[in-house]
Amino acid sequence: ALPTIYAITPTYSRPVQKAELTRLANTFRQVARLHWILVEDAAARSELVTRFVAGAGLPCTHLHVPTPRRYKRPGLPRATEQRNAGLAWLRQRHQHLPPPQPGVLFFADDDNTYSLELFQEMRTTRKVSVWPVGLVGGRRYERPVVENGKVVGWYTGWRADRPFAIDMAGFAVSLQVILSHPKAVFKRRGSQPGMQESDFLKQITTVEELEPKANNCTKVLVWHTRTEKVNLANEPKYHLDTVTIEV
Ligand code: UDP
Ligand code: MN
């Protein structure tokens with residue numbers, strides 16, 4: 001059977017949330033055997049996301065965990081608790097059914113752009129696979145540098161000293177590796193800005209072990225796009241429309 005792809009998506013309430021989730025679901029719906037783990041950054045499941053998930057037309061697990069207020073500051077990593085909640089769910093779900101069904105996990109932020117080819121590439125991940133990411137790190141792209149089929153360095157414009165100079169969108173991990181490293185999580189304590197990926201990957205793999213995808217990391221199949229903040233300057237102070245519309 002095809003390995004299941006588990007996509008962990010942290011998401012939070014804001015004017016563009018439903019638009020982002022709609023675009024993401026439109027992509028994911030075209031991918032075979034994809035299980036979406038949508039984790040709301042909230043104290044409870046919101047009605048908007050609950051309704052959205054019900055109509056999304058793909059297998060979806062809807063979780064929630066709020067980011068503690070002290071961590072909601074510029075410069076601090078985002079969505080640590082949400083990604084960990086997704087990891088915990090995945091481990092919990094598989095702890096009682098050994099041997100685990102083949103699976104691949106990746107972290108899919110709600111605002112990035114994913115080509116369908118990316119999923120074909122990550123599906124064959126044996127342990128940890130990597131590939132280039134477009135529009136990130138102050139460059140057109142970042143990528144793992146590959147020689148003779150092995151990752152030997154990183155093409156990056158930002159903090160080249162990172163052990164794994166890669167964005168969250170640039171790697172996938174097999175379910176087996178997630179289950180055999182039950183303590184591997186994203187850390188708040190001691191984690192510097194931009195080190196989330198490295199801190200996590202250090203716990204489960206080595207650079208030598210990485211599997212290059214996307215034609216030896218020479219193709220961009222995912223883009224770290226960011227959505228412009230919407231202008232709501234003309235929103236009425238009070239509710240003036242005759243109907244209530246979810247946007
Ligand atoms: N996110 C979240 N809570 C927040 C901020 C962001 O759950 O307070 C989610 C967001 O929806 C996205 C991921 O975390 O899926 C990364 O956030 P963002 O895209 O803002 O980060 P950047 O593009 O700067 O890497
Ligand atoms: Mn983003």
Side-chain angles (χ1 to χ4, degrees), residues 2-3 5-11 16 19-34 36-37 58 77-79 83 104-174 177 186 193-201 204-228:
L2 271 188
I5 293 175
Y6 295 94
I8 295 184
T9 300
T11 186
V16 300
E20 306 281 32
L21 295 178
T22 298
R23 198 173 55 236
L24 200 50
N26 287 350
T27 301
F28 286 171
R29 217 180 287 113
Q30 303 183 69
V31 181
R33 288 190 75 87
L34 184 139
W36 197 8
I37 305 171
L58 70 155
R78 304 188 176 108
R83 293 191 185 100
V104 176
L105 159 74
F106 93 117
F107 296 101
D109 286 357
D110 61 6
D111 56 343
N112 292 340
T113 305
Y114 306 90
S115 77
L116 297 181
E117 210 183 324
L118 178 70
F119 302 95
Q120 298 179 13
E121 292 290 315
M122 73 170 75
R123 185 115 44 194
T124 57
T125 301
R126 277 177 300 174
K127 288 180 172 174
V128 180
S129 63
V130 293
W131 53 78
V133 177
L135 315 180
V136 75
R139 290 200 176 175
R140 292 169 60 237
Y141 61 89
E142 288 182 339
R143 74 176 194 103
V145 179
V146 177
E147 273 173 24
N148 303 319
K150 297 275 178 203
V151 176
V152 296
W154 309 94
Y155 173 84
T156 176
W158 186 72
R159 289 209 60 171
D161 60 321
R162 289 175 288 163
F164 297 81
I166 198 169
D167 184 76
M168 204 60 81
F171 66 91
V173 184
S174 75
V177 166
F186 291 94
M195 293 301 267
Q196 289 245 285
E197 296 84 352
S198 283
D199 284 340
F200 181 72
L201 288 169
I204 58 172
T205 189
T206 60
V207 173
E208 297 74 52
E209 207 175 39
L210 296 173
E211 301 149 43
K213 298 293 185 190
N215 194 24
N216 279 323
C217 298
T218 60
K219 281 166 82 176
V220 170
L221 301 176
V222 56
W223 296 262
H224 185 254
T225 43
R226 301 183 77 191
T227 302
E228 187 183 8

message: Once rounded to the nearest 0.5 Å, what's the spacing between atom CG of L116 and atom CG of L221?
response: 10.5 Å
- request: Drop me the distance from L105's CG to Y6's OH, to the nearest 0.5 angstrom.
  value: 10.0 Å
task: Check whether any side-chain heavy atom of L135 lies under 4.5 Å from a side-chain heavy atom of Y141, and answer yes or no.
output: no
- request: Apply side chain to side chain contact (heavy atoms under 4.5 Å, CB included) to E211 and T125, showing your working.
  value: CA-CA 7 Å; E211 301 149 43; T125 301; 4.1 Å; yes
- request: Run the numbers on E20 and R23 for salt bridge (charged side-chain N to carboxylate O under 4.0 Å, His left out), then give the verdict.
  value: CA-CA 5 Å; E20 306 281 32; R23 198 173 55 236; 2.5 Å; yes
- prompt: With F28, which of I5, L21, L34 fulfils side chain to side chain contact (heavy atoms under 4.5 Å, CB included)?
  reply: L34
message: Has T9 got a side-chain atom pairing as donor or acceptor with A108's backbone, closer than 3.5 angstrom?
response: yes
query: Does a side-chain heavy-atom distance below 4.5 Å link F107 with F200?
result: yes
Y114 vs L24 side-chain heavy atoms within contact, under 4.5 Å: yes
message: Checking the side chain of S174 only, and the main-chain atoms of V177 only, is there a donor and an acceptor separated by less than 3.5 Å?
response: yes
task: Find out whether R78 and Q196 are in side-chain contact, i.e. whether some heavy atom of one side chain is under 4.5 Å from a heavy atom of the other.
output: no
field: Heavy-atom pair with the smallest gap, counting every atom of P3 and V104
entry: CB-CG2, 4.4 Å
- prompt: Below 4.5 Å, heavy atoms only, C-beta onward: do V145 and V151 meet side chain to side chain?
  reply: no
- prompt: Can any side-chain N or O of R33 pair as donor or acceptor with the backbone N or O of L2 at less than 3.5 Å?
  reply: yes
query: Do E209 and K127 sit within salt-bridge range, that is, some charged N less than 4.0 Å from a carboxylate O?
result: yes
- prompt: Quick one: do K219 and E117 make a salt bridge, cutoff under 4.0 Å?
  reply: yes
field: Side chain proximity check, F119 to F106, heavy atoms < 4.5 angstrom
entry: yes
query: Which pair of non-hydrogen atoms, one from V207 and one from P163, has the smallest distance, and what is that distance?
result: CG2-O, 3.7 Å
- prompt: Is a salt bridge present between R162 and E142, judged by a nitrogen-to-oxygen distance below 4.0 Å?
  reply: yes
- prompt: Do R139 and Y155 meet the cation-pi criteria used here (NZ or CZ under 6.0 Å from the six-membered ring centre, within 45° of the axis)?
  reply: yes
- prompt: Is there a donor-acceptor contact under 3.5 Å from the side chain of W131 to the main chain of A169?
  reply: yes
message: Main chain of D111, side chain of T225: is a donor-acceptor contact present, judged purely on distance under 3.5 Å?
response: yes
query: Is I166 close to W154 at the side-chain level, that is, under 4.5 Å between some pair of heavy atoms?
result: yes
message: Using a 3.5 Å distance criterion without hydrogens, assess whether the side chain of S198 forms a donor-acceptor pair with backbone atoms of F164.
response: yes
task: State, with a plain yes or no, whether a side-chain heavy atom of H224 is found less than 4.5 Å away from one of M168.
output: no
- request: Look up atom CZ in F171 and atom CG in L201, then write down how far apart they are to the nearest 0.5 Å.
  value: 4.5 Å
message: Could you measure the distance from the CE atom of M122 to the CG atom of L118? Nearest 0.5 Å is fine.
response: 3.5 Å
message: Go through it in stages, so that I can follow the logic: the residues are V133 and V220, the test is side chain to side chain contact (heavy atoms under 4.5 Å, CB included), and I'd like the CA-CA distance, side-chain angles, deciding distance and then a yes or no.
response: CA-CA 6 Å; V133 177; V220 170; over 6 Å; no
message: For the CZ atom on R29, are there more than 12 heavy atoms of other groups (residues, nucleotides or ligands in this structure) within a distance under 6.0 Å?
response: yes
- prompt: E197 side chain to D167 main-chain N or O, any donor-acceptor pair under 3.5 Å?
  reply: no
field: Minimum heavy-atom distance between A214 and E121, given as atom pair plus value
entry: N-OE1, 2.8 Å
- request: Show your working on side chain to side chain contact (heavy atoms under 4.5 Å, CB included) between V222 and T113 and close with a plain yes or no.
  value: CA-CA 6 Å; V222 56; T113 305; over 6 Å; no
statement: When every non-hydrogen atom of V130 is compared with those of P144, the smallest separation belongs to CG2-CG, 3.8 Å
Derivation and outcome, side chain to side chain contact (heavy atoms under 4.5 Å, CB included), residues V146 and V152: CA-CA 6 Å; V146 177; V152 296; over 6 Å; no
query: Shortest non-hydrogen contact from T124 to K213?
result: OG1-NZ, 2.7 Å
query: Got a second to check how far I8's CD1 is from D109's CG, nearest 0.5 Å?
result: 11.5 Å
